[in-house]
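Have a look at the structure below before the remarks.
Quick note on labels: first sequence line is chain A, next is B, and so on, each numbered from 1. Nothing here was measured: the structure is a model prediction, and the numbers come from that model. Computed from heavy atoms alone, side chains included, the values below leave out hydrogens, waters and symmetry copies.
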There are 2 protein chains.
Amino acid sequence: MNRVLFRDWQSVRDEVLRRIHARDWKPGELIPNEADLAIEFGCARTTMNRALRSVAETGLLDRRRKAGTRVAVQPVAKATLDIAVMRLEVEDRGQNYSYQLISRSLVVPPDEISQVMKSHTDEKLLHVHALHLADDKPYALEDRWLNLRVVPDARTQSFQTVSANEWLLRNTPYTHGEIEFSATAATPTTASLLACSDQSALFTIDRLTWDKQNDVTKVQLLFAPGHKLQPRL
Amino acid sequence: MNRVLFRDWQSVRDEVLRRIHARDWKPGELIPNEADLAIEFGCARTTMNRALRSVAETGLLDRRRKAGTRVAVQPVAKATLDIAVMRLEVEDRGQNYSYQLISRSLVVPPDEISQVMKSHTDEKLLHVHALHLADDKPYALEDRWLNLRVVPDARTQSFQTVSANEWLLRNTPYTHGEIEFSATAATPTTASLLACSDQSALFTIDRLTWDKQNDVTKVQLLFAPGHKLQPRL
DNA sequence: CAGTGGTCTAGACCACAGG
DNA sequence: CTGTGGTCTAGACCACTGG
């Protein structure tokens, strides 16, 4: 047997990937167990485990106790994407970031919002509307609702220079969140703010963030036409 | 000191998360090193490392050799999403999946495609156009280009019952891929196929997959209006 | 029941980068 | 130069689950 030694878990992982892509180990096939592979690869089982685990995390392997490790039949691609602060996102593109507050008001939200945010039907929420720009061209429109019961400090924030996006990230404790991607048609209002034509298809992100029992904030981001989001595979 | 013992890396991780969310450890702050924390938590350094690493992977901690571990100032949310085969995606929603081939032809692609797929300008590619349905309603439109030099077996596949989507996953070796999300306005043609109105905003996925030097396939998926994609945070 | 992956431990060496 | 995280190792116990 042509035995090569593998130094670290990354090189073990690479060899595992090679065998999968080369169809050495075919889809659906059971591969040897950790202990045996560790011997073959000349490393500790811990190292073998780390390598196999990392491959399994990408969806290419399916591991189950007692059943062993199989090459996935329908590899489910796991894409990861970084959702940073808008400012960093723009600056990472090498563009100049700027920000404009459109409106800031304390109002009783429409039913659809108060339901989602579980606020009392007559409770006022802070509504912030703002535009993010890249190289002075509209980049994304932010429409945000804030629960002042949970984030009382927001009451004294004007959000004129620091976006709610950025301020919240620095000042709010949160435990969980939900995020959703979709496509939305521009309305006459949003179109004029984003300097695009009415009915343009806009890439949309909806986020809902909460802390323990309480919803903190709900935000919708409408990106200017042409925006693309590229996850790492 | 009120010392609690932590059994496994998950509970260590949870306590670390608690301290971050509770602002025990504030954004930007340097936290103790692994060795010290391991003592405090009453576990091995290896275990502490595993816990801290898993938190760092979510973007909440920033770790650097010698510099130590800091709570991230601008937590970059890492969202992960599973991109499965269309059929499984629909079935997971508890809907009935079906599939219709619209067209299949061997043609010289327009320039924009041949450029992206690095095929020779006069080389024919397999063009497959199909509709995925959920509960007999249009779900997504698939527009795919296949390089027969790389996937010769596709020449004999009719793609009438098995979608190219699914067939490729089972039969193609690939090493890398790119994926992109965006929003596209429906054209008269796509609108009629998806049974929606012209200019509807469609959630769009573009994928390019290759094996070593050769591009295997390029696909665009246009989802019916209202489609949402929800990553795990 | 028994085989498999999941994890913990103590100790060690090393690569990297801050000071 | 030195502190920090990154990793490897051997050995051990355990949880889960397939047969």
Side-chain angles (χ1 to χ4, degrees), chain A residues 3-17 19-20 25-73 75-76 78 80, chain B residues 3-17 19-20 25-73 75-76 78 80:
Chain A
R3 182 168 309 176
V4 186
L5 285 185
F6 296 90
R7 270 169 240 299
D8 45 30
W9 70 270
Q10 289 95 335
S11 60
V12 173
R13 178 203 55 199
D14 291 347
E15 170 62 12
V16 168
L17 287 174
R19 292 185 185 187
I20 295 173
W25 290 336
K26 301 184 181 54
E29 197 174 307
L30 194 62
I31 75 174
N33 69 34
E34 282 188 352
D36 291 347
L37 282 174
I39 295 169
E40 184 194 335
F41 280 77
C43 67
R45 182 163 81 93
T46 319
T47 306
M48 200 65 223
N49 178 281
R50 176 93 189 253
L52 291 174
R53 177 161 35 93
S54 83
V55 176
E57 276 165 6
T58 72
L60 255 60
L61 287 177
D62 194 18
R63 320 194 71 195
R64 282 154 65 190
R65 284 164 152 134
K66 168 78 181 182
T69 302
R70 288 177 183 283
V71 178
V73 181
V76 174
K78 313 269 189 200
T80 10
Chain B
R3 183 167 308 177
V4 186
L5 285 185
F6 296 91
R7 269 169 240 300
D8 45 28
W9 70 269
Q10 289 93 336
S11 59
V12 173
R13 178 203 55 199
D14 290 348
E15 169 63 10
V16 169
L17 287 174
R19 293 186 185 185
I20 295 173
W25 289 336
K26 301 183 181 57
E29 197 173 309
L30 194 62
I31 74 174
N33 69 33
E34 282 188 353
D36 290 347
L37 283 174
I39 295 169
E40 184 193 335
F41 280 79
C43 66
R45 182 163 82 94
T46 320
T47 305
M48 200 64 224
N49 178 283
R50 176 95 189 250
L52 291 174
R53 176 161 37 92
S54 83
V55 175
E57 275 164 6
T58 71
L60 254 61
L61 286 178
D62 192 18
R63 321 193 71 196
R64 282 154 66 189
R65 283 166 152 131
K66 171 74 181 184
T69 301
R70 289 178 182 282
V71 177
V73 179
V76 174
K78 313 273 188 196
T80 6

Checklist entry - A:Arg53 has an atom CZ; how far is it from atom C1' of C:dG6, in whole Å? => result 9 Å

Checklist entry - Going by heavy atoms in the side chains, are A:Leu61 and A:Ile20 under 4.5 Å from each other? => result yes

Next on the checklist: From CZ of B:Arg63 over to P of C:dA17, roughly how many Å is that when rounded to an integer?
Outcome noted: 15 Å

Checklist entry - Taking only N and O in the side chain of A:Asn49, is any of them less than 4.0 Å away from OP1 or OP2 of C:dG6? => result yes

Next on the checklist: Do B:Val71 and B:Lys26 make a side-chain contact, defined as non-hydrogen atoms from C-beta onward lying under 4.5 Å apart?
Outcome noted: no

Next on the checklist: From the set C:dT7, D:dG5, D:dC8, return the single nucleotide nearest to any side-chain atom of B:Thr69.
Outcome noted: D:dG5

Next on the checklist: Test of understanding: with side chain to side chain contact (heavy atoms under 4.5 Å, CB included), list the residues that count as partners of B:Arg53, not counting sequence neighbours.
Outcome noted: A:Arg50, A:Arg53, B:Asn49, B:Arg50, B:Glu57

Next on the checklist: If I take atom CZ in residue B:Arg70 and atom P in nucleotide D:dG5, what distance separates them, rounded to the nearest angstrom?
Outcome noted: 11 Å

Checklist outcome for this item: Here the distance between atom C1' of C:dG5 and atom CG of A:Asp36, to the nearest Å, is 13 Å

Checklist entry - According to a strict under-4.0 Å criterion, is A:Thr47 in side-chain N/O contact with OP1 or OP2 of D:dT9? => result yes

Next on the checklist: Could you work out, with salt bridge (charged side-chain N to carboxylate O under 4.0 Å, His left out) as the rule, every residue matching A:Arg63, not counting sequence neighbours?
Outcome noted: A:Glu34

Item to check | Any side-chain donor near an acceptor of the partner, A:Ser11 and A:Asp8, under 3.5 Å | outcome: yes

Checklist entry - Is there a side-chain contact between A:Arg45 and A:Asn33, using heavy atoms and a 4.5 Å cut-off? => result no

Checklist entry - When the distance from CZ of B:Arg50 to C1' of C:dT9 is rounded to whole Å, what number comes out? => result 14 Å

Item to check | Atom-to-atom span, CG of A:Leu52 to P of C:dT4 - whole angstrom | outcome: 14 Å

Checklist entry - In whole Å, what is the span from the CD atom of A:Glu34 to the C1' atom of C:dG3? => result 12 Å

Item to check | Under 4.0 Å protein heavy-atom contact, by nucleotide of nucleotides 13-19 of chain D - B base, S sugar-phosphate only | outcome: --BBBB-

Checklist outcome for this item: Atom CE of A:Met48 and atom C1' of C:dG6 are separated, to the nearest Å, by 15 Å

Item to check | Heavy-atom side-chain proximity of B:Leu37 to B:Thr69 below 4.5 angstrom | outcome: no

Checklist entry - Among D:dC8, C:dT4, C:dC8, which is the nearest nucleotide to the side chain of A:Trp9? => result D:dC8

Next on the checklist: So, does B:Gln10 get its side chain near the phosphate of C:dT7, meaning an N or O under 4.0 Å from OP1 or OP2?
Outcome noted: yes

